[in-house]
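Every chain is numbered from 1 and lettered A, B, ... according to where its sequence line falls, protein lines coming before strand lines.
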Protein chains: 2
Amino acid sequence: MGELKKNFKAYLAAQGLKTTQQREVILDAFLASPSHLSTEEFYLKIRKKHPSIGYATVYRTLKLFSESGIAVERNFGDKQTRYEVLSDEEHHDHLVCTSCSKIIEFEDPEIERLQENVALRHGFKVLNHSLELYGLCADCTGK
Amino acid sequence: MGELKKNFKAYLAAQGLKTTQQREVILDAFLASPSHLSTEEFYLKIRKKHPSIGYATVYRTLKLFSESGIAVERNFGDKQTRYEVLSDEEHHDHLVCTSCSKIIEFEDPEIERLQENVALRHGFKVLNHSLELYGLCADCTGK
DNA sequence: ACTCCAATGAAATCGAATTTCAAAGTATCA
DNA sequence: TGATACTTTGAAATTCGATTTCATTGGAGT
Ligand SMILES: [Mn+2]
Ligand SMILES: [Mn+2]
Ligand SMILES: [Zn+2]
Ligand SMILES: [Zn+2]
């Protein structure tokens, strides 16, 4: 069993929560899906193979993923919350194309370091951050 | 008359829109208010002195401010849209305390430069960006 | 003052997020 | 394995900020 699945099950056990068939199905589907899907998009996807699973369950389970630490919520300007898998110590930020909605991930340790510096200068302890660059991707620049 | 008021009036004129009493009142109140208020918070504030002004008008006028370029919309994790005055070429990002909701503004040209580099590496043209550091402010670190 | 649109306020609507609740499932233990 | 004690689930209802509708009122040029 994958690391993430183990972590999630451990979280459930630790919280006195239960392993259910729905949670198993939703977790497998989540791990196999493209990143940055909204709750609605993900629900529609799951529904095809598992029509009996309700939207509320998908919604609640995605939140659980986030609480357990195996996923993170994202917001890219539109009003919808999006989710993506996140292994332990990874972290990345995003370029978001305002024309075609393409999302490009990037990591930049130097930016992260400078963010810490900013925080230090203000006696601030950073717990998490959000950095998105909005604009036109290479494909859309010419249009 | 202040630069911002001039700019806004120029925008109205250019768009064939009208200067109304409500817009005058709302603009003055906006310029005199603390930054980062949500639409609702700002409306409640205005309402005290001008009970006849409706929420819809405040909502629409804040959007107008944003379209005209004298203000910007912000989102700090909670679901509410917040507004703040923004003079011409200024730009800043935010530290947001997740404990007391305090908001600290900062500018870091080096971070901005690195962001441009990231974009360049991906053939991406940045039109705007969003950077918030969430965590505990100096006051809340000890609690 | 007349006329043409734009603006306004109240209420309705929208859409995503979140909650409610009765029915069903899971884990534990006798 | 069957009873017990909760937890989970699905459908529907609700919440809440954002946005729109629409009848009426208000600018501004003529
Ligand atoms: Mn990502
Ligand atoms: Mn600010
Ligand atoms: Zn694109
Ligand atoms: Zn604080």
Side-chain angles (χ1 to χ4, degrees), chain A residues 8-30 36-68 71-83 101, chain B residues 8-30 36-68 71-83 101:
Chain A
F8 183 61
K9 295 220 170 179
Y11 176 81
L12 290 181
Q15 302 293 312
L17 304 178
K18 293 173 178 174
T19 297
T20 65
Q21 300 206 300
Q22 287 91 335
R23 284 174 179 165
E24 302 262 25
V25 165
I26 294 171
L27 178 52
D28 287 337
F30 185 60
H36 315 126
L37 293 186
S38 69
T39 307
E40 177 73 14
E41 289 166 345
F42 182 58
Y43 165 65
L44 291 177
K45 205 155 171 300
I46 281 196
R47 195 208 222 176
K48 291 178 187 165
K49 290 212 172 187
H50 302 275
S52 65
I53 294 184
Y55 175 87
T57 300
V58 172
Y59 162 80
R60 288 184 286 230
T61 304
L62 287 174
K63 292 221 111 176
L64 258 190
F65 292 165
S66 160
E67 288 160 21
S68 77
V72 286
E73 298 189 358
R74 302 283 193 192
N75 275 97
F76 296 137
D78 57 356
K79 48 230 97 185
Q80 310 201 128
T81 298
R82 294 168 183 285
Y83 289 85
S101 299
Chain B
F8 183 61
K9 295 220 171 180
Y11 176 80
L12 290 182
Q15 303 293 312
L17 305 179
K18 293 174 178 173
T19 298
T20 65
Q21 300 205 301
Q22 287 92 335
R23 284 175 180 165
E24 301 263 24
V25 164
I26 294 171
L27 178 52
D28 287 338
F30 185 60
H36 315 124
L37 293 187
S38 68
T39 307
E40 176 74 14
E41 289 166 347
F42 182 58
Y43 165 65
L44 292 177
K45 204 154 171 302
I46 280 197
R47 193 208 224 177
K48 290 177 188 164
K49 290 213 173 187
H50 303 275
S52 65
I53 294 184
Y55 175 87
T57 300
V58 172
Y59 163 79
R60 288 184 286 229
T61 304
L62 287 174
K63 292 221 113 178
L64 258 191
F65 291 166
S66 161
E67 289 159 19
S68 78
V72 286
E73 299 189 358
R74 302 284 194 190
N75 275 97
F76 296 137
D78 57 356
K79 49 229 98 188
Q80 310 201 126
T81 299
R82 295 168 184 284
Y83 289 85
S101 299

Practice problem: Map B/R82 and A/T61 onto DNA chain D by nearest heavy atom, then report which one ends up closer to the 5' terminus. | Solution: A/T61

Looking only at N and O atoms, is any donor in the side chain of [X] or the base of [N] less than 3.5 Å from an acceptor on the other one?
X	N	answer
A/K18	D/dT7	no
B/R60	D/dT21	yes
B/K79	D/dC16	no

Candidate nucleotides [options], ranked by approach to the side chain of [X] - the nearest:
X	options	answer
A/T57	D/dA18, D/dT9, C/dT19	D/dT9
B/A56	C/dT26, D/dT20, D/dT9	D/dT20
B/Q80	C/dA6, D/dG17, D/dT20	D/dG17

Quiz item: Can you tell me how far the CZ atom of A/R82 sits from the CG atom of A/L62, to the nearest 0.5 Å?
Solution: 12.5 Å

Quiz item: What distance separates A/Q22 CD from A/H50 NE2, expressed to the nearest 0.5 Å?
Solution: 10.5 Å

Separation of [N] [atom2] from [X] [atom1] (nearest whole Å):
X	N	atom1	atom2	value
A/L64	C/dT18	CG	P	13 Å
B/Y43	D/dT19	OH	P	17 Å
B/E24	C/dA7	CD	C1'	14 Å
B/L12	D/dG27	CG	P	13 Å
B/Q22	C/dA6	CD	P	17 Å
A/I53	C/dG25	CD1	P	14 Å
B/E73	D/dT19	CD	C1'	12 Å
B/D78	D/dC16	CG	P	14 Å

Has [X] got a side-chain N or O lying under 4.0 Å from the OP1 or OP2 atom of [N]?
X	N	result
B/Y55	C/dA11	no
B/T81	D/dA18	yes
B/T20	C/dT8	yes
A/Q15	D/dT7	no
B/R23	C/dT8	yes
A/Q21	D/dT8	no

Quiz item: Base, sugar-phosphate, or nothing: which does B/S52 touch, judged by heavy atoms less than 4.0 Å apart?
Solution: sugar-phosphate

Practice problem: Mind checking B/T19 for me? I need base, sugar-phosphate or nothing, with any heavy atom below 4.0 Å counting as a touch. | Solution: sugar-phosphate

For the residue pair [X] and [Y], establish whether any side-chain heavy-atom pair is separated by less than 4.5 Å.
X	Y	answer
B/H36	B/Y83	no
B/F30	B/L37	no
A/L27	A/F65	yes

Practice problem: Answer yes or no: is there an ion pair linking B/E24 with B/K9, defined by an N-O contact shorter than 4.0 Å? | Solution: yes

